[in-house]
Amino acid sequence: MTGLPLSESIRSRKPQIGGWMQTPNIMIAEILAQTNLDFLLVDGEHSPIPPNSLLNILPATERYGMPVLYRVAWNRIELIKAALDHGANGIMVPMVNTSAEAIDAVSFAKYPPSGKRGSGAWRASNYYQTDADYRKNANSSLAVVLQIETREALNNLDEIASTPGVDALFIGPADLALSFGIEPGGLTTELLDACQAVANVAKKYGIASGIDVASIDYLPRFKKMGLSLFTHGSELDFVLQGGRAVAKKFHDSFVAE
């Protein structure tokens with residue numbers, strides 16, 4: 001972890017990696033917060049973690065200084081402001097396909113005059129004890145990451161990336177592959193070309209770009225493209241991989257005898 005605010009760390013475009021959290025459990029949050037990852041990506045889109053679950057998750061991660069980027073289920077103001085009012089360090093918005101949708105996402109996350117977020121950051125402002133200071137700094141200190149996951153989004157990259165207040169474009173490789181009519185998981189020429197296009201446009205507008213990587217072995221290729229914000233694995237993967245590694249080692253030791 002860098003010690004910088006998450007938004008500043010992302011905007012620096014220094015390579016960093018986060019892990020996904022998909023289980024709404026305090027123990028899981030505390031354990032993941034001690035992994036030495038740069039941030040956690042708490043998933044409210046494809047996992048049973050609505051914004052109100054952050055009331056329990058965030059105190060556990062904050063104990064160890066682990067930043068949390070929360071992915072909302074959809075680009076809606078009530079989801080975005082709830083996550084930020086709870087105290088999330090930033091938001092990830094899925095399926096952003098147009099300039100209008102990018103403007104909405106940023107607007108929902110920013111206080112006036114830059115946006116339309118309403119005052120009421122109950123937990124984020126320590127129960128209004130630091131409300132004025134929180135509002136003063138929130139627009140610059142909270143990260144806004146938009147996901148590029150469709151052909152439509154690729155066609156509108158310049159308009160999305162040039163939206164003031166966007167800190168990073170984040171490629172959703174599975175949905176992007178599906179939009180191309182191909183099975184997720186592989187690195188096809190079409191997918192790699194799309195990733196390079198996202199990286200190029202992000203660099204053009206001085207923001208970061210990133211992707212969820214299915215394998216750590218993919219990282220050198222993506223870093224060479226200019227991507228800097230990565231995620232890999234979740235607590236589900238970590239448990240499965242760890243358990244299977246122990247089981248394999250155990251059984252292999254008897255086969256070798």
Side-chain angles (χ1 to χ4, degrees), residues 1-2 6 9-23 32 35-43 45-47 66-71 90 92-97 143 145-155 157 160-161 166-245 248:
M1 292 177 284
T2 65
L6 184 59
S9 181
I10 290 173
R11 287 193 292 264
S12 75
R13 286 180 277 170
K14 294 179 180 178
Q16 54 194 304
I17 191 163
W20 294 83
M21 179 174 171
Q22 299 178 290
T23 309
L32 287 174
T35 56
N36 294 326
L37 292 163
D38 295 302
F39 63 95
L40 293 183
L41 214 168
V42 176
D43 189 15
E45 183 188 15
H46 292 301
S47 298
M66 175 63 77
V68 165
L69 191 65
Y70 179 77
R71 181 165 74 170
M92 177 179 283
V93 182
M95 293 287 179
V96 175
N97 296 316
V145 179
L146 308 184
Q147 283 201 268
I148 304 299
E149 304 182 88
T150 66
R151 284 183 181 274
E152 183 182 7
L154 291 175
N155 292 334
L157 280 178
I160 294 170
V166 175
D167 296 305
L169 304 181
F170 193 83
I171 300 158
D175 282 313
L176 192 54
L178 289 174
S179 79
F180 292 152
I182 58 179
E183 187 65 23
L187 294 181
T188 66
T189 299
E190 191 171 18
L191 185 62
L192 289 172
D193 287 347
C195 293
Q196 187 65 72
V198 172
N200 290 346
V201 169
K203 182 179 180 181
K204 175 181 176 181
Y205 291 101
I207 62 175
S209 57
I211 190 171
D212 179 62
V213 293
S215 169
I216 292 293
D217 294 337
Y218 295 168
L219 282 173
R221 178 174 290 185
F222 288 129
K223 286 171 64 179
K224 188 175 181 180
M225 288 182 181
L227 279 72
S228 59
L229 184 66
F230 301 100
T231 56
H232 173 71
S234 69
E235 76 276 23
L236 310 181
D237 301 307
F238 303 150
V239 170
L240 283 170
Q241 292 171 15
R244 286 171 177 168
K248 185 179 186 303

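We number each residue from 1, following the sequence as shown.
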**Study point:** side chain to side chain contact (heavy atoms under 4.5 Å, CB included) evaluation trace for Leu176 with Ser179
**Key:** CA-CA 5 Å; Leu176 192 54; Ser179 79; 3.8 Å; yes
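- By the 4.5 Å heavy-atom criterion applied to side chains, Met66 and Leu37 are counted as neighbours.
- Here the side chain of Asn97 pairs no donor or acceptor atom with the backbone of Glu152 at under 3.5 angstrom.
- For the pair Ser209 and Leu229, the minimum side-chain heavy-atom distance is 4.5 Å or more.
- Heavy atoms only, all atoms of each residue included: Tyr218 and Gly185 are closest at OH-O, 3.5 Å.
- Considering only heavy atoms from C-beta on, Phe238 comes within 4.5 Å of Leu32 through its side chain.
- Of all heavy-atom pairs between Met21 and Thr23, the closest is CE-O, 3.0 Å.
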Practice item. Evaluate the criterion side chain to side chain contact (heavy atoms under 4.5 Å, CB included) for residue pair Leu69 and Val145; output intermediate values, then yes/no. Key: CA-CA 9 Å; Leu69 191 65; Val145 179; 4.1 Å; yes
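- The backbone N or O of Leu6 lies less than 3.5 Å from no partner atom in the side chain of Ser9, so there is not a single donor-acceptor pair.
- Across every non-hydrogen atom of Leu154 and Ala194, the tightest pair is CD1-CB, 3.8 Å.
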**Study point:** Trace of the side chain to side chain contact (heavy atoms under 4.5 Å, CB included) decision for Val68 with Phe39
**Key:** CA-CA 6 Å; Val68 165; Phe39 63 95; over 6 Å; no
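- The side-chain heavy atoms of Leu191 and Thr188, taken from C-beta on, include a pair separated by under 4.5 Å.
- Side-chain atoms of Gln147 never come within 3.5 Å of backbone atoms of Val93 as a donor-acceptor pair (strictly under, hydrogens ignored).
- Taking CD1 from Ile148 and CG from Asp175, the interatomic distance works out to 12.0 Å, rounded to the nearest 0.5 Å.
- Leu40 has its side chain out of reach of Pro67: every pair of non-hydrogen atoms, C-beta onward, lies at least 4.5 Å apart.
- The NZ atom of Lys203 lies 14.0 Å from the CE atom of Met225; values are rounded to the nearest 0.5 Å.
- In this structure, Ile211 and Phe230 have side chains that are in contact, with non-hydrogen atoms separated by less than 4.5 Å.
- Taking both residues in full, the closest heavy atoms of Arg13 and Ile207 are given as CD-O, 3.5 Å, listed atom of the first, atom of the second, then distance.
- Note that CD1 of Ile17 and CG of Leu41 are 11.5 Å apart. Values are rounded to the nearest 0.5 Å.
- With rounding to the nearest 0.5 Å, the separation of CZ in Phe180 from OG1 in Thr150 is 9.0 Å.
- Ala177 and Pro184 get closest at one heavy-atom pair: CB-CA, 3.9 Å.
- To the nearest 0.5 Å, atom NE2 of residue His46 and atom OG of residue Ser234 are 13.5 Å apart.
- Residue Arg221 places its CZ atom among 12 or fewer non-hydrogen atoms of other residues, nucleotides or ligands, all under 6.0 Å distant.
- A side-chain donor-acceptor contact under 3.5 Å links Glu235 to the backbone of Gln22.
- Here CZ of Arg71 is found 3.5 Å from CH2 of Trp20. Values are rounded to the nearest 0.5 Å.
- The shortest distance between side-chain heavy atoms of Leu169 and Ile160 falls below 4.5 Å.
- Between Phe222 and Leu192, some side-chain heavy-atom pair lies under the 4.5 Å cut-off.
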